[in-house]
Amino acid sequence: MAILDVKGCTKTFGGLVAVKDLNISLRQGALYGLIGPNGAGKTTIFNLITGVYTPDEGTITLAGHEIQGRKASAIARLGISRTFQNIRLFGSMTVLENVKVSQHMRKSQGLMDAILRTSRLREEEERIERDAMELLKIFHLDERAHDQARTLPYGSQRRLEIARALATEPKVLLLDEPAAGMNPQEAVELMHLIKRSRDDFGVTVLLVEHNMKVVMGVCETIQVVDYGETIALGAPREIQEDPRVIEAYLGGA
Amino acid sequence: MKKAAFWIAALAVLGGLQLFVRDIVGAYNYQILVLVGINIILAVSLNLINGYTGQFSIGHAGFYAVGAYTCAGVVVYGQEAIRGATGFLPELGQNTVLLLVGLLCAAIAAGLAGLAVGIPSLRLRGDYLAIVTLGFGEIIRVLILNVEAVGGARGFSGIPQLSNFFWVYLGVVVTVVTVHNLVQSSYGRAFISIRDDEIAAEAMGVDTTRFKVLSFVVSSIFAGIAGGLFAHFTMYLHPNTFLFTTSFYLIIMIVVGGLGSIEGAITGAILVTVLLEVFREFGAFRLVNFAILLVLIMIYRPTGLLGSWTLVRAGRRPGRAA
């Protein structure tokens with residue numbers, strides 16, 4: 001059974017059809033790539049799945065529950081997390097606090113626990129801190145845990161975004177161009193981290209990326225969209241040889 | 001048990017000071033000292049909305065007014081009943097019960113006002129929210145002007161003096177500890193995440209509307225308590241005390257001190273309250289001095305005197321007692 005199922009989704013902005021009758025089906029544990037030329041509608045698809053936009057038509061189902069039209073925070077709590085194309089960290093908070101924010105939904109502390117700083121709260125805060133530090137270690141960010149997030153170098157900020165997204169303990173992780181601006185070495189490390197996210201955390205990954213080395217190296221299935229429509233779907237090797245894909249990227253002869 | 005010790009020590013120190021602080025500093029300075037305390041409560045609570053949650057409210061005087069008039073109204077009109085019910089207590093005990101009942105009502109009324117304003121308006125952002133809160137503050141003031149039971153435009157007189165240095169600074173300690181604990185918890189992280197990036201906060205599962213309303217309500221509750229303490233210190237209320245310039249001074253306090261820092265709000269409250277007295281001889285030009293002060297601080301210390309510097313940061317010292 002598919003963990004995330006997008007069925008017949010359409011989204012228009014005025015006269016512009018950004019996404020048209022789109023279907024995506026992610027089975028549990030998939031490493032799934034979504035590629036396409038600039039303006040193909042990839043980010044719109046992310047925004048539809050995460051509740052930033054509501055689709056005009058169609059349904060989005062997460063583990064059997066329809067989620068289209070719900071608030072973004074509610075969808076996040078149901079198990080979809082994401083990173084952003086243009087990094088959106090909580091800049092004034094420390095690296096550690098950024099990850100802690102994502103764990104707030106799993107808290108049992110009430111407002112009175114917080115105000116009175118009860119022992120229950122303090123125990124929970126210690127657990128949250130421990131979990132967050134562990135996650136940072138995996139992402140090689142533990143040494144900078146107490147630095148302000150905005151002071152991190154670019155590649156580390158991208159890694160922190162992934163760590164923060166994983167801290168919500170999602171079922172599905174959406175990565176929006178995580179390799180953008182990374183050097184080749186960082187990109188290779190990123191590929192390992194994405195695979196590890198699936199293997200160690202059991203998340204299903206939907207990846208939008210322009211760096212073909214990363215996409216081809218990580219994804220097991222790739223879906224190609226252009227002008228909001230799917231033009232190809234298959235394993236990396238099939239995609240690379242698909243004439244329609246080559247035309248979309250390089251233009252028709 | 002550290003907590004109990006802290007509160008007993010706070011009560012003892014404040015109670016001890018109350019006995020002779022007035023004689024030491026003189027009546028005039030005593031009054032300023034108490035006003036500083038009230039402004040600290042207001043500034044620290046406003047900082048929760050404007051500093052930590054990153055929403056721009058300029059209607060804090062409205063909640064302050066709701067608290068002041070509610071507390072005074074409850075005490076003035078309920079005095080006989082409450083004194084009757086607590087007749088077995090000595091005078092001081094009766095006064096304490098009276099004040100606490102008044103403050104409780106003030107907190108509830110101001111909190112409800114915060115909820116009523118917050119739910120519809122916190123969906124708005126930036127300038128729009130500022131305008132709504134400004135409008136709310138003025139509506140409250142005009143409403144009070146027209147309620148004869150609390151004196152209307154003549155002002156509300158005959159309020160018994162129940163609050164003093166002790167009560168005001170106990171209020172300061174309660175406010176500071178509450179806000180401090182709150183911002184160090186997952187609630188505080190949710191507030192700050194909204195300030196830093198609302199879209200990312202939503203994507204991480206933070207229900208931003210709910211947390212904005214929450215910070216607004218908590219902030220209003222403390223503004224209400226400050227109002228009650230003020231009413232029973234000055235023994236007279238007038239709607240003009242709660243003009244939007246009052247909200248404006250409060251914003252100066254937290255901007256001067258440093259948004260998003262409790263120590264900053266306290267510093268700002270002390271500085272601005274004292275300067276308001278010092279500048280009194282300038283009459284109508286008082287505000288000009290503040291404008292100059294604000295411009296200078298924005299040039300030389302754009303993040304406020306203390307910036308977001310704070311003595312204890314969340315995360316560094318886990319498991320610390322209040």
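A note on names: the letters A, B, ... follow the listed sequences, proteins ahead of strands, and every chain is numbered from 1. Keep in mind that what you see is a predicted model, and the values were worked out from it rather than measured.
A 4.5 Å side-chain heavy-atom check between A:Lys100 and B:Ser186 finds every atom pair outside the cut-off. In this structure, A:Phe84 and B:Ile199 have side chains that are in contact, with non-hydrogen atoms separated by less than 4.5 Å. No side-chain heavy atom of A:Ser73 sits less than 4.5 Å from a side-chain heavy atom of B:Val206. Between B:Ile192 and A:Phe90 there is no side-chain heavy-atom pair separated by less than 4.5 Å. Two residues are said to be in side-chain contact when any heavy atoms from C-beta on lie closer than 4.5 Å; A:Leu121 and B:Asn181 fail this criterion. Side-chain contact between B:Thr209 and A:Lys71 is present, with heavy atoms from C-beta onward closer than 4.5 Å. Side-chain contact check for A:Arg117 versus B:Gln184: some heavy-atom pair is nearer than 4.5 Å.
Taking OG1 from A:Thr118 and NZ from B:Lys3, the interatomic distance works out to 6.0 Å, rounded to the nearest 0.5 Å.
Looking at A:Ile128, the atoms closer than 4.5 Å to chain B (heavy atoms on both sides) all sit in the side chain, from C-beta outward. At a 4.5 Å heavy-atom cutoff, the contact between B:Phe211 and chain A is made by side-chain atoms alone. Both the backbone and the side chain of A:Ile115 come within contact range of chain B, judged by heavy atoms closer than 4.5 Å.
Considering every non-hydrogen atom in both A:Ala165 and B:Met204, the closest pair reads CA-SD, 4.2 Å. Smallest separation of non-hydrogen atoms from B:Ala203 and A:Ser81: O-OG, 4.4 Å.
Taking a 6.0 Å sphere around CG of B:Asp127, one finds it holds 12 or fewer heavy atoms contributed by other residues, nucleotides or ligands. Heavy-atom contacts from other residues, nucleotides or ligands closer than 6.0 Å to OH of B:Tyr128 number 12 or fewer.
Without hydrogens or angle criteria, B:Asp196 side chain to A:Ser92 main chain gives a donor-acceptor distance under 3.5 Å. Looking at A:Arg88, its side chain never comes within 3.5 Å of a backbone N or O of B:Ala200 through a donor-acceptor pair. Formation of a donor-acceptor pair under 3.5 Å by the B:Tyr187 side chain with backbone atoms of A:Leu111 is found in this model.
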